[in-house]
Peer 1: 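Submitted below is the structure of interest, expressed as structure tokens.
In this chain, numbering begins with 1 at the start of the sequence shown.
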Amino acid sequence: MYKNKNKLLGLILGASFLSINFVSAMETSSSQPGINVAGEKAQPDAQQAMVSVGAKLESILTSHPRVEKARGSVCEASFSIAEKRAGFFPKLNLSVSGGDKVIDKTTRGDAFGGTNSPEYDGKGIDLTLSLSQRLYDWGMTRAEVASATLTRGSTSFQGNYVLQTQISEFYNSAFDYLASRERLAALEEAAIKIRANVKSIEARYKRGATRISDLRAGQVLLLDLEMAIAAAKNESNLSGRVLKSQFNVDGKFVEDAAKYFLARRPDMPEMVPTREALNWRILDSDYRANGYEIRRLKAMRLPAITGRVEGKAWDLTDGEACGDVVPGAQADAAFLNGAYRRNANCNSHQVTARLEMTMPLFDGGLNKSQRNRANARKRSLEADMANFDRYHSTESRRARDNLIDLFGRISGQESKKQKLREQFNSEEVMQNKIRSNLGSLANLHFQLALAETEYIGLKYEAEKVRVNALVLSNQISDILEVSWEPGGC
């Protein structure tokens, strides 16, 4: 019984020890030269500097051409709403025409039997003023406005997502740059001592105090180190060029932006449900907009009623109206009702009001094809939404699992560094006394440098996973206070 109690107590103490080590490793993994990953409270001057960094970061990201393009798309969608809403208002059209009759071989007459009335003679300046109003269209105009409004919302969500992906691209490149710079610094620091060790081995070999195999091993070790340094330099240069070309920033600002992120980001980002994700909102808005498009197409097959008032005036430039008394010598005068009156080429007008009902009877299958296309898009969007639901759930779990895995690997790598450091220190003490195996000391130093670079890589990989998780959960712009504003159009 006492043995079982002792075993249980041992398990509890062991679990507590592992938990403490894991939390300590998480805190240690967040520390790095020149960057305050732990998020300690800054002094007022430092806080002001961070505010300045945040403002500059927001300016850089929101002025990127991709974000500007997204902002323009939102404006385009906003104007489309105004365009569709115009269908609720009356239309007023004016037409003015002028001409003269060139050939007259017609026999047509007007309503009163005349053959040269101003309505038919083709001469002079005529005017038409038309006022029309759609009275009933089975909800077609409302469907157009609703579809355009939802499309505008979808476009705004897309702009927000573009901004968040720009933030992700910036910080992924920034952490690649900083990781390569730190790895390069660690390797170059190790190279100084390893070169000294290899030179000592060469001197001992020349004195006949060591074997040529030890010298060759040291030279190969130094060659591997030089290759690792060259790779780190290339990676640093590549990441720096990407940051410069895409965001026009230098290394100093990259370091400040990394501190700004590390001071604000959570250790474990909280995942959000699928229906709160930006991509889901985009798909949902597109799906509902397509539903209104189907309604619009169905309404187009039904009769629409329009009211129309139209006024027409002929021969505006002629001074007398038809029937006015004129001198008998005038060419267009005729003796009517006891006086000479103008009966041709005179100005006249009319006003008409009517209701029009229009209904398409045959359009060659156009409306049916449009409805079939809209229904096919509906099925496609439903599939996209189902697919994104699976994708979001899977990627959310993967991001969380990756972070937990990286926490464990960082903790293990920290332990490995500590063991190698202890082994190196003891070997260095012994070799300083007897100097019998400097190759072993150089190899340990190389292994320690590789362990340090591996640790640096894991540390920044965890930050990149956090960035991607924050994008997936739509939190990164809020954390960094980089807001998406569609802007004025």
Peer 1: Side-chain donor-acceptor pair under 3.5 Å between Asn375 and Arg379, yes or no?
Peer 2: no
Peer 1: Could you tell me whether Arg281 and Glu276 have a side-chain N and a carboxylate O separated by less than 4.0 Å?
Peer 2: no
Peer 1: Would you check if there is a donor-acceptor pair between the side chains of Trp484 and Ser156 at a distance under 3.5 Å?
Peer 2: yes
Peer 1: Taking Asp401 first and then Arg398, would you say they form a salt bridge - that is, a charged N and a carboxylate O separated by under 4.0 Å?
Peer 2: no
Peer 1: Answer with yes or no whether the side chains of Ser97 and Asp126 bring together a donor and an acceptor at under 3.5 Å.
Peer 2: no
Peer 1: Using distance alone, with no hydrogens and no angle criterion, decide if Ser130 and Asn93 have a side-chain donor and acceptor under 3.5 Å apart.
Peer 2: no
Peer 1: Kindly indicate whether a cation-pi arrangement holds for Lys464 with Phe175, taking the cut-offs as under 6.0 Å to the six-membered ring centre and within 45° of the axis.
Peer 2: no
Peer 1: Can Glu310 and Arg308 be counted as an ion pair, charged N to O under 4.0 angstrom?
Peer 2: no
Peer 1: Can you tell me if Gln246 and Ser173 form a side-chain donor-acceptor pair at under 3.5 Å?
Peer 2: no
Peer 1: Side chains of Glu182 and Tyr460: donor-acceptor distance under 3.5 Å anywhere?
Peer 2: yes
Peer 1: For Glu293, is there an ion pair with Arg371 - N to carboxylate O distance below 4.0 angstrom?
Peer 2: no
Peer 1: Mind checking whether Phe247 and Phe253 have ring centres under 6.0 Å apart?
Peer 2: no
Peer 1: Decide, yes or no, whether a salt bridge links Arg265 with Asp267 under the criterion of side-chain N to carboxylate O below 4.0 Å.
Peer 2: yes
Peer 1: Quick one: do Arg400 and Glu395 satisfy salt bridge (Lys or Arg N to Asp or Glu O under 4.0 Å)? Show the steps, please.
Peer 2: CA-CA 8 Å; Arg400 194 174 186 86; Glu395 290 301 312; over 6 Å; no
Peer 1: In plain terms, say whether Glu235 and Arg183 are close enough for a salt bridge, that is, a side-chain N and a carboxylate O under 4.0 Å apart.
Peer 2: yes
Peer 1: Check this for me, if you would: do Glu255 and Lys252 make a salt bridge, where the nitrogen-to-carboxylate-oxygen distance has to be below 4.0 angstrom?
Peer 2: no
Peer 1: Any salt bridge linking Glu454 with Lys416? Criterion: basic side-chain nitrogen under 4.0 Å from a carboxylate oxygen.
Peer 2: no
Peer 1: Does this structure show an ion pair linking Arg377 with Glu382, if we count only N-O contacts that are shorter than 4.0 Å?
Peer 2: no
Peer 1: Going by atom types alone, do Gln164 and Ser168 pair a side-chain donor with an acceptor below 3.5 Å?
Peer 2: no
